[in-house]
Amino acid sequence: MLDIKYIRENPDKVKKGIEAKNEKNRIDEVLQLDEERREIIVQVEKLKAIKNSVSSQIPKMKKAGEDTTAVLAEMKEVSNQINGFDTKLRDIEDKLNDMLMLIPNLPHESVPVGKNAEENVVVREWLPEGFSLESDKKFLDHVELGKKLNILDFERGAKISGSGFPVYMAKGATLERALINFMLDFHLNEHSYTEVLPPFLVNRESMKGTGQLPKMAEDMYYIEKDDLYPIPTAEVPITNLHRKEILNENDLPKSYVGYSACFRREAGSYGKEAKGFLRVHQFNKVEMVKLVKPETSYDELENIVSDAEDILKALKIPYRIVLLCTGDLSFSASKCYDIETWSPAENKWLEASSCSNFEDFQARRASIKFRRESQKKPEFVHTLNGSGLATSRLMVSLLENYQTTKGTIEVPEVLRKYTGFSIID
RNA sequence: GGAGAGGUGGGAGAGUGGCUUAAUCCACUGGUUUGCUAAACCAGCGUACCUUUACGGGUACCGGGGGUUCGAAUCCCCCCCUCUCCGCCA
């Protein structure tokens, strides 16, 4: 969330930022509540100070044999007043907090202003050697390929769970596992991350910490009986690893990479765009998460993007980097690059990764701080994350790009030591 | 799921209604002293919020939330977590 002090001092900047994200701003209400809140605090704390000082006098008076009935009665009245103010204060603070939790993060100044995805900016494009987006070849799409080669079973997935729960079969399952292991190993060996294998169910606090709650509740699965949420991304448990902690300056940056299954309800998004892997309720993802010092976070964002790109270069899958405009930016993000991989069958780019800088937005919600050696007061870290990458979308591009004219799939070179086979037929 | 024990400041640990709005020790930071280091001694030592131009002042926080009381770490109620034993189980 945003700092209430910052909102108080820069209401116009805040309003402008929220509007650029196409969200309604209720900043004037927030400021109103904030003012009421502070007025009450001043009053109630004054009373509490009186209560404390008188209370400490009472035992002394008793000892001296003085009559305390008048003071006691007076203090009873003070206590009642305090209770009244406290109740009122709690109501206001709850209301204020609820509103603050729904205010999105502000876009960074380097983010292009725009209404929606159409105004995103393509930053760069990478194609494997000799590859062309224009092709006369006939491409089967990943659903057809998966069916023909018996490696993906969407129908049976729908039978056992529902639509959007794909089953990987035979070499398809092995390929998926290979992909996950390859990506993890690559980030561990070529980049320096610490591996985390987190819980896939988290509590409400964690979901609030990274910003999925309260706003995105409809898109989250929820296990009512235990008040737990299946994670929509490993970002949630990994970022929350250090919730309510004060780290040392030299502990930073913290760079984590972890695999998890991801669960998303994707409420209201059935139809064409949901074919096969394009929109699923459960998928696998390797996620990178960083906790960094504020002054380094925008450099680190570029690093995360480049770390994700390295995977695609190694796999030789065509991709492009897209800088999201303000209108397409997610609730918690200040700046975000999407990485899109090429689907020759769909003849379009598919989002396979999203790399974001959240600045101190999540850190403030989750209270993740660090202390500079020279300075005493703890500061919020900046948090970032990026998919490195989501296997579902990646699998679409991989299968389609690596299909041969015979309808078989060639396994990318770098994956072969993980799969143990070089062709799927 | 059942029974029991426990959760206090960075760590250890005291504290069962007001001479404690948390003792003491260790760690940490600064200082004094001493050829150097160490030791010793002195001082400081958390987080959040409110207030103040500033120096400063105030309030809250002893797992979380309620309650009793003029006053709660301490008493009462609910919840969470950890540990031990039993049961069940991949």
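Chain letters run A, B, ... following the sequence lines, proteins first and then strands; every chain starts at 1.
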Say you pick atom P in B:rC28 and the same atom in B:rG10; how far apart are they, in whole Å?
16 Å
Do other residues, nucleotides or ligands put more than 12 heavy atoms under 6.0 Å from A:Lys316 NZ?
no
Rounded to whole angstrom units, what separation is found between the CD1 atom of A:Ile82 and the P atom of B:rG58?
16 Å
Any side-chain N or O of A:Arg371 under 4.0 Å from OP1/OP2 of B:rC28?
no
Between A:Tyr319 and A:Glu340, is there a side-chain donor-acceptor contact under 3.5 Å, judged purely by atom types and distance?
no
How far, in whole Å, is B:rA60 from B:rA72 if one measures between their C1' atoms?
14 Å
What is the distance from CZ of A:Arg243 to P of B:rC81, rounded to the nearest Å?
13 Å
What does A:Lys244 touch in the nucleic acid at a heavy-atom separation under 4.0 angstrom: a base, only the sugar-phosphate, or nothing?
nothing
Can you tell me if A:Tyr259 and A:Glu195 form a side-chain donor-acceptor pair at under 3.5 Å?
no
Looking at A:Arg372, A:Lys293, A:Lys369, which hits salt bridge (charged side-chain N to carboxylate O under 4.0 Å, His left out) with A:Glu379?
A:Arg372
Does a side-chain N or O of A:Arg38 approach OP1 or OP2 of B:rC49 to a distance below 4.0 Å, or not?
no
Distance check, P atoms only: B:rC61 and B:rG67, in whole angstrom units.
13 Å
Each nucleotide in nucleotides 66-75 of chain B should get exactly one letter: B, S or -. Can you fill that in based on protein heavy atoms under 4.0 Å?
S---BS----
If you assign each of A:Lys46 and A:Lys369 to its closest nucleotide in RNA chain B, which residue comes earlier from the 5' end?
A:Lys369
Strictly below 4.0 Å: does A:Asn203 bring a side-chain N or O up to OP1 or OP2 of B:rC81?
no
What integer number of Å spans the C1' atoms of B:rC45 and B:rA23?
16 Å
Please report, rounded to the nearest Å, how far the P atom of B:rG65 is from the CD atom of A:Glu205.
11 Å
Please convert RNA chain B into dot-bracket. A pair counts if it is Watson-Crick or G-U wobble with both distances under 3.5 Å; crossing pairs go in [ ] and bases paired with another strand get |.
((((((((.[[[..)..(.....]]].(((((.......))))).((((((....)))))).[[[[[..)....]]]]])))))))....
Atom CG of A:Leu47 and atom P of B:rC50 are separated, to the nearest Å, by 18 Å
Per nearest nucleotide of RNA chain B, the residue lying toward the 5' end, A:Asn52 or A:Ile246, is A:Ile246
Rounded to whole Å, the CZ-P distance (A:Phe85 to B:rC50) equals 18 Å
So what does A:Arg8 touch, heavy atoms closer than 4.0 Å: a base, only the sugar-phosphate, or nothing?
sugar-phosphate
Scan side-chain atoms only and decide if A:Arg243 and A:Ser206 contain a donor-acceptor pair under the 3.5 Å cut-off.
yes
Please report, rounded to the nearest Å, how far the C1' atom of B:rC61 is from the CG atom of A:Asp86.
14 Å
Does the side chain of A:Lys335 pick up a donor-acceptor pair with the side chain of A:Ser110 at under 3.5 Å?
yes
Exactly one of A:Asp360, A:Asn357, A:Asn105 should register a side chain to side chain donor-acceptor pair (under 3.5 Å) with A:Ser334. Which one does?
A:Asn105
Checking A:Phe186 against A:His191 for the ring-ring contact (aromatic ring centres under 6.0 Å, His included) test, could you report, in this order, the C-alpha distance in whole Å, the side-chain angles of both residues, the deciding distance, and whether it holds?
CA-CA 7 Å; A:Phe186 195 91; A:His191 312 132; 5.4 Å; yes
Give the nucleotide from the list B:rG58, B:rC50, B:rU47 with an atom nearest to the side chain of A:Ala49.
B:rG58
B:rC89 versus B:rU16 - spacing of their P atoms, nearest Å
46 Å
Distance, C1' atom - from B:rU8 to B:rC25, rounded to whole angstrom
15 Å
Return the orientation label for the A:Phe277 and A:His142 ring planes: parallel under 30°, perpendicular over 60°, tilted otherwise.
parallel
With a cut-off of 6.0 Å (strictly less than), are more than 12 heavy atoms of other residues, nucleotides or ligands near CE of A:Met99?
yes
Could you give the distance separating B:rG9 and B:rA22 at their P atoms, to the nearest angstrom?
14 Å
In whole angstrom, give me the gap between the P atoms of B:rA39 and B:rC55.
35 Å
In whole Å, what is the span from the CG atom of A:Asp251 to the C1' atom of B:rG10?
14 Å
Does either side chain, that of A:Tyr221 or that of A:Gln282, offer a donor lying less than 3.5 Å from an acceptor on the other one?
no
Nearest whole angstrom, please: distance from the P of B:rG58 to the NZ of A:Lys48.
15 Å
